[in-house]
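Below, chains carry the letters A, B, ... as their sequence lines are ordered, and counting in each starts from 1. Just so you know, these numbers use all the heavy atoms, side chains as well, and skip hydrogens, waters and symmetry mates.
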Amino acid sequence: MKPLPRDFYLNDTVSVARALLGCVLWRRLDGELLAGRIVEAEAYLGANDMASHARRGLRSPRVESMYLDGGHAYVYFTYGMHYCMNVVTQEADIAEAVLLRGLEPLQGLESMRTRRPKAKRDLDLMNGPGKLCAAMAIDKALDGAPLNGKTLFITPRDIEVREEEIAVSARIGVENSGEAAPWPLRFYLRGNKFVGHGPMR
DNA sequence: TTATTGATTGACT
DNA sequence: GTCAATCAATAAA
């Protein structure tokens with residue numbers, strides 16, 4: 001399976017977020033290959049989006065990779081203990097991205113369990129942005145990495161996803177982001193059990 | 001320089 | 001439902 005082409009990531013960010021649902025994220029780690037299907041994602045829209053790390057055009061070492069051109073990873077450390085991974089979209093210097101919030105584990109489950117000892121069920125392995133990074137050993141070292149590389153890449157949908165299967169809600173955890181808080185920029189596969197949160201919150 | 005706050009998770013009442 | 005963990009980035013002073 002070939003990685004998604006660069007053009008895929010240059011579309012408008014909401015379209016990319018929707019199109020990523022059903023696609024598969026791969027991680028090569030010490031000779032083993034881990035994989036998870038994207039089932040939940042959120043769009044972050046750059047300068048005018050007060051929930052984005054790049055709000056007001058803010059440019060700092062942490063968010064620099066958000067300004068790369070589409071098809072790279074933006075990985076950041078938060079709450080003093082978790083990493084979150086974004087898929088950067090748009091041309092260079094436009095800071096938009098898609099946060100991966102939930103994956104369905106497909107391959108390398110045993111390896112994932114060793115890094116997610118607190119996950120009681122396979123359901124809990126990757127049903128949150130911090131959880132999926134832990135399961136796939138994604139950390140600061142992969143910040144800015146291309147998404148068509150050897151250690152990290154995304155392949156097209158291996159399942160059919162109809163538009164009506166995509167549910168929409170406000171983003172999670174951005175209550176203090178002013179007018180951007182209720183924006184309908186969270187997308188997930190309706191009824192998929194690997195989605196972390198329900199429609200509300 | 002100090003203070004506040006997270007694009008979260010997991011344990012606990 | 002509440003709340004602690006744990007620290008870097010950002011805001012305030």
Once you round it to whole Å, what is the distance between [atom2] of [N] and [atom1] of [X]?
X	N	atom1	atom2	result
Leu132(A)	dG10(B)	CG	P	12 Å
Asp124(A)	dA11(B)	CG	P	11 Å
Met85(A)	dA7(B)	CE	C1'	14 Å
Glu42(A)	dG6(B)	CD	P	15 Å
Lys120(A)	dC12(B)	NZ	P	10 Å
Met126(A)	dT9(B)	CE	P	12 Å

Above 12 or not: heavy atoms from other molecules or residues under 6.0 Å from CD of Glu164(A)?
->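 Enclosed: over 12 neighbouring heavy atoms sit under 6.0 Å from CD of Glu164(A).
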Dot-bracket for DNA chain B, 5' to 3', counting Watson-Crick or G-U wobble pairs under 3.5 Å, with [ ] for crossing pairs and | for inter-strand pairs?
-> ||||||.|||||.
If the P atom of dT6(C) is compared with that of dT2(B), how far apart are they to the nearest Å?
->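 Per the computed distance, 23 Å lies between those P atoms.
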Expressed in whole Å, how much space separates the P atoms belonging to dA12(C) and dA7(B)?
->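 Going atom to atom, P in each nucleotide, I get 16 Å.
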Calculate, to the nearest 0.5 Å, the distance between atoms OG1 and CG belonging to Thr151(A) and Leu33(A) respectively.
->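 The distance works out to 11.0 Å.
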So, [X] and [Y], do they make that salt bridge, N to O below 4.0 Å?
X	Y	value
Arg59(A)	Asp93(A)	yes
Arg101(A)	Glu42(A)	yes
Glu163(A)	Arg18(A)	yes
Arg62(A)	Asp143(A)	no

What string of B, S and - do you get for nucleotides 5-11 of chain C 5' to 3' if you count protein non-hydrogen atoms under 4.0 Å?
-> BBB-SSS
Look at all strands and tell whether Met50(A) reaches a base, only sugar-phosphate, or nothing, counting heavy atoms closer than 4.0 Å.
->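 Counting heavy atoms under 4.0 Å across all strands, no contact is made by Met50(A).
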Less than 5.5 Å between centroids and less than 30° between ring planes, does Tyr44(A) satisfy that with dA7(B)?
->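 Taking the rule of under 5.5 Å and under 30°, the ring of Tyr44(A) does stack on dA7(B).
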Any donor-acceptor N or O pair under 3.5 Å, side chains [X], [Y]:
X	Y	value
Glu32(A)	Ser111(A)	yes
Arg186(A)	Ser169(A)	yes
Tyr74(A)	His53(A)	yes

Does Asn176(A) place a side-chain N or O at less than 4.0 Å from the phosphate oxygens OP1/OP2 of dG6(B)?
->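 Yes.
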